[in-house]
Number of protein chains: 2
Amino acid sequence: MSVTLRTVAERANVSLSTASRALSGSPLISEGTRAVVDQAASDLGYRPNRAASALRSKRSHLIGLVLNNLVNQSFHTIADVIQRRLRSEGYQLILSTTDADPRTEESLLLTLADHGVDGVIIIGSGQSAATTNDFLHRGMAVVNVIRSSHDSLAPTVLAADRDGAYEATEHLASLGHRRIGYIGGIESADSGRARHSGYEDALARHGIPYDESLVLRGPFTQDFGALAATELLARSTGMTALFAANHEAVFGILPVLMQHGMRIPDQLSLVCFEDMPLLQMWHPAVTVIDNGATQLAELSVDLLLSQIRAIVSEGVTPERLRRLTRTYRVGSQLVARASTAPPAPAFAVSSPRKARS
Amino acid sequence: MSVTLRTVAERANVSLSTASRALSGSPLISEGTRAVVDQAASDLGYRPNRAASALRSKRSHLIGLVLNNLVNQSFHTIADVIQRRLRSEGYQLILSTTDADPRTEESLLLTLADHGVDGVIIIGSGQSAATTNDFLHRGMAVVNVIRSSHDSLAPTVLAADRDGAYEATEHLASLGHRRIGYIGGIESADSGRARHSGYEDALARHGIPYDESLVLRGPFTQDFGALAATELLARSTGMTALFAANHEAVFGILPVLMQHGMRIPDQLSLVCFEDMPLLQMWHPAVTVIDNGATQLAELSVDLLLSQIRAIVSEGVTPERLRRLTRTYRVGSQLVARASTAPPAPAFAVSSPRKARS
DNA sequence: CTGTTAGCGCATTCAC
DNA sequence: GTGAATGCGCTAACAG
């Protein structure tokens with residue numbers, strides 16, 4: 001009933017294999033026959049059957065993306081970008097969310113393999129290395145993003161969490177702040193740990209003592225942000241600047257600052273991690289560390305596609321796998337806007353130095 | 001090399017077909033053999049090859065989701081919900097974004113068909129009815145969401161845009177407001193048109209004359225929101241309430257209101273369309289019309305799955321197709337929060353006082 | 001360069 | 001209930 005490759009071949013008066021080769025752009029086909037076959041195909045409105053093609057060739061033109069959820073700004077940005085890039089390369093994206101549950105993640109990965117995905121991009125728990133390494137050995141491409149996995153043989157694309165946090169803190173210190181509050185993520189999260197140590201390092205570099213009473217770390221939720229901001233404002237810490245390093249918490253922090261009538265940046269300078277439209281339009285516009293979600297996604301796709309190409313040409317060799325294992329960092333970027341300024345002399349704890357250049 | 005159904009059959013000492021039937025839960029299999037086959041399968045760690053299964057049975061267990069982008073709050077909420085529901089039913093989601101371009105949409109739909117998706121959920125341009133109707137005739141399930149398509153035979157799930165806008169306006173009017181500003185979407189968008197007419201109707205119902213100078217309609221962008229809010233505040237309209245019916249614009253409107261030191265709800269009552277975390281945490285918390293994105297997604301999946309079941313049992317019959325074509329509305333909900341109050345008589349028309357510190 | 005042949009792994013006839 | 005046989009649509013040897 002429907003038009004298959006056979007129909008096209010008959011119409012073009014060539015064999016099945018010639019038709020197949022012509023349509024898949026094989027080099028060993030004369031220009032003439034290619035034209036004839038192409039014509040026949042378009043006349044008939046031929047569409048290839050991907051399932052058949054995948055069964056035979058082991059290439060489904062499907063890529064799996066595994067991540068926690070789509071609510072987080074960076075996550076849906078990444079999903080959006082990856083999907084666009086892949087489509088332009090002839091791939092489709094199977095999207096799967098895990099809610100950060102390792103068991104769900106594991107089961108999802110296996111299901112993706114059932115569907116014969118050519119590769120997987122995973123923002124994972126770090127606990128599925130055995131499975132994804134097996135994927136690699138079976139000729140699937142794998143890329144880890146945002147979260148690393150120690151035992152994974154696949155390349156990993158990470159955000160520059162430590163450096164970004166360092167830069168944020170440094171920015172504030174350079175403006176003359178010495179009482180810099182920090183609201184961040186939990187220690188058990190890679191990003192939470194890395195950002196906190198960037199904060200610590202920058203303080204040390206500027207000879208500013210680390211003060212626990214200025215630091216609050218907790219879950220990636222709006223509620224925590226609200227709580228933490230309220231708490232920090234309540235304490236008499238002499239805080240003149242705040243670094244919000246927990247993205248989800250920002251949604252709780254901003255309303256609280258506003259509610260307390262904090263004048264930004266006069267009373268309090270503010271830097272947030274991860275840019276978003278809201279922060280640009282805020283009054284005043286908020287200085288941020290842009291973590292480069294778009295670039296993370298782009299690089300991931302690049303690494304995935306180059307793996308797929310290598311698998312096609314070289315196959316699965318130990319040497320190739322060895323070359324694969326590498327960590328990439330996408331640099332973050334300080335976007336200075338109106339929410340940061342030198343501390344108001346009257347409120348500053350120490351005498352304001354001139355910011356060094 | 002890898003373990004296939006044949007391996008399982010051999011291990012269980014049954015034929016290929018028996019193994020197949022046992023694993024797919026066919027009723028004409030004895031309990032004993034089923035147990036043996038199941039055991040063999042799990043011993044071997046058997047995983048079915050979906051491509052082969054799809055090729056043979058025409059069921060891929062893949063569903064396509066077509067939408068504009070993942071940035072819009074409602075869109076990624078819907079994608080998230082749909083994906084979860086489908087996974088729990090044994091389906092995987094192929095996600096495709098169109099940027100609202102009908103040509104991209106068309107090509108995407110065809111590609112999804114190439115992959116043999118069992119069904120498609122589409123937030124579309126309304127211009128792909130011919131294609132999706134063809135899908136229906138070919139035994140694929142189709143559901144339109146959020147945007148209707150006049151010629152589509154598939155069921156359509158819509159948000160209650162008019163009623164929601166009516167309710168929002170009514171809420172303000174009931175509080176005593178008579179100068180109610182409106183920032184909405186363009187007339188050419190279904191939702192833009194529907195919400196505007198809900199606004200008009202509610203005004204009429206309360207005997208409030210429609211005043212063009214209070215109404216600004218434009219594209220679904222943050223920039224438009226900022227512009228529109230600035231403009232409305234600049235005009236001397238005596239506006240005491242504002243209905244922000246353009247979701248994307250809200251991100252522009254809020255900062256401008258804040259920037260101008262508008263006291264909400266004292267000087268201005270505010271209602272927004274489409275709820276989100278930020279609005280709950282705003283100070284004051286913003287009254288919204290919740291459009292029920294989650295419910296829209298849930299209902300869409302229900303309709304899709306029931307179609308798939310019907311196709312399996314009844315096949316593609318004209319009667320079934322006729323029964324299919326139906327529009328569903330997910331009611332919206334007014335969530336009254338702190339941003340709406342009766343107009344303050346003394347300040348209603350006078351110029352804003354100094355912003356509080 | 002092109003045609004012939006042979007399956008990929010599975011679900012589903014049809015017999016028994 | 002179970003097995004044997006067939007082919008879904010396509011790609012990839014293998015010849016020529």
Side-chain angles (χ1 to χ4, degrees), chain A residues 1-38 40-41 44-62 113-118 138-139 311-313 315, chain B residues 1-38 40-41 44-62 113-118 138-139 312 315:
Chain A
M1 65 186 221
S2 74
V3 25
T4 73
L5 194 53
R6 147 160 285 116
T7 328
V8 175
E10 282 164 1
R11 166 95 172 215
N13 282 315
V14 295
S15 74
L16 208 64
S17 40
T18 299
S20 170
R21 281 189 280 251
L23 293 177
S24 64
S26 161
L28 22 83
I29 283 284
S30 76
E31 265 320 305
T33 29
R34 190 191 306 283
V36 174
V37 174
D38 283 353
L44 294 165
Y46 168 75
R47 304 286 314 191
N49 180 322
R50 288 290 185 197
S53 159
L55 176 57
R56 186 57 235 242
S57 69
K58 308 272 180 216
R59 333 239 76 247
S60 64
H61 290 249
L62 252 23
D114 296 347
H115 282 278
V117 294
D118 296 342
R138 286 159 55 187
I311 289 165
V312 170
S313 61
Chain B
M1 64 185 220
S2 75
V3 26
T4 74
L5 196 53
R6 149 158 284 116
T7 327
V8 175
E10 282 164 1
R11 165 96 171 214
N13 284 314
V14 295
S15 73
L16 206 67
S17 36
T18 300
S20 170
R21 280 189 279 249
L23 293 177
S24 63
S26 160
L28 25 80
I29 283 284
S30 75
E31 264 321 304
T33 29
R34 190 191 305 284
V36 174
V37 173
D38 283 353
L44 293 166
Y46 168 75
R47 305 284 316 189
N49 180 322
R50 288 290 184 198
S53 159
L55 176 58
R56 184 60 235 248
S57 69
K58 309 270 180 219
R59 330 240 76 246
S60 64
H61 289 252
L62 251 24
D114 296 347
H115 281 279
V117 295
D118 296 341
R138 285 160 56 188
V312 169

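In this text the structure is predicted, and so the values were computed from the model without any measurement. Every chain is numbered from 1 and lettered A, B, ... according to where its sequence line falls, protein lines coming before strand lines.
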Over all strands shown, is [X] touching base, sugar-phosphate only, or nothing at heavy-atom distances under 4.0 angstrom?
X       : result
A:Ile29 : sugar-phosphate
B:Thr4  : sugar-phosphate
A:Ser30 : sugar-phosphate
A:Ser17 : base

Kindly say if [X] contacts the phosphate of [N], meaning a side-chain N or O under 4.0 Å from OP1 or OP2.
X       : N      : value
A:Ser53 : D:dG9  : no
B:Ser15 : D:dG3  : yes
A:Lys58 : C:dG7  : no
B:Ser20 : C:dA11 : yes

Just how far, in rounded Å, is [atom2] of [N] from [atom1] of [X]?
X       : N      : atom1 : atom2 : result
B:Leu28 : C:dT13 : CG    : P     : 12 Å
B:Leu5  : D:dG7  : CG    : C1'   : 16 Å
B:Asn49 : D:dG9  : CG    : P     : 17 Å
A:Arg6  : C:dG3  : CZ    : C1'   : 13 Å
A:Leu16 : D:dA13 : CG    : C1'   : 14 Å

Please compare B:Leu55 and B:Thr33 by the position of their nearest nucleotide in DNA chain D and report the one closer to 5'.
B:Thr33
Which distance, rounded to the nearest 0.5 Å, do you find between the CG of A:Leu44 and the CZ of A:Arg11?
4.5 Å
Distance col, row A:Asn49:CG vs B:Leu55:CG, nearest 0.5 angstrom, shows 6.0 Å
Counting C-beta onward and ignoring hydrogens, is there a side-chain heavy-atom pair between B:Leu23 and B:Asp38 closer than 4.5 Å?
yes
Student check: side-chain heavy atoms of A:Val36 and A:Val14 closer than 4.5 Å
no
Once you build an axis from the first five pairs and another from the last five of the helix from C:dC1-D:dG16 to C:dC16-D:dG1, how far apart in angle are they, to 10 degrees?
30°
On a heavy-atom basis, the closest approach of A:Leu16 and A:Arg6 is CD1-CA, 3.3 Å
By nearest atom, which of the nucleotides D:dC10, C:dG3, D:dT2 is closest to the A:Arg56 side chain?
D:dC10
Any N or O donor-acceptor pair linking the side chain of B:Arg50 to the base of C:dG9 at under 3.5 Å?
no
Using only modelled atom types and a 3.5 angstrom limit, is any donor from either the side chain of B:Arg21 or the base of D:dG1 paired with an acceptor on the other?
no
Might you confirm whether atom CZ of A:Arg47 has over 12 heavy atoms from other residues, nucleotides or ligands at distances under 6.0 Å?
yes
Before accepting this row, confirm whether a basic side-chain N of the pair B:Asp114/A:Arg50 lies closer than 4.0 Å to the acidic partner's carboxylate O.
no
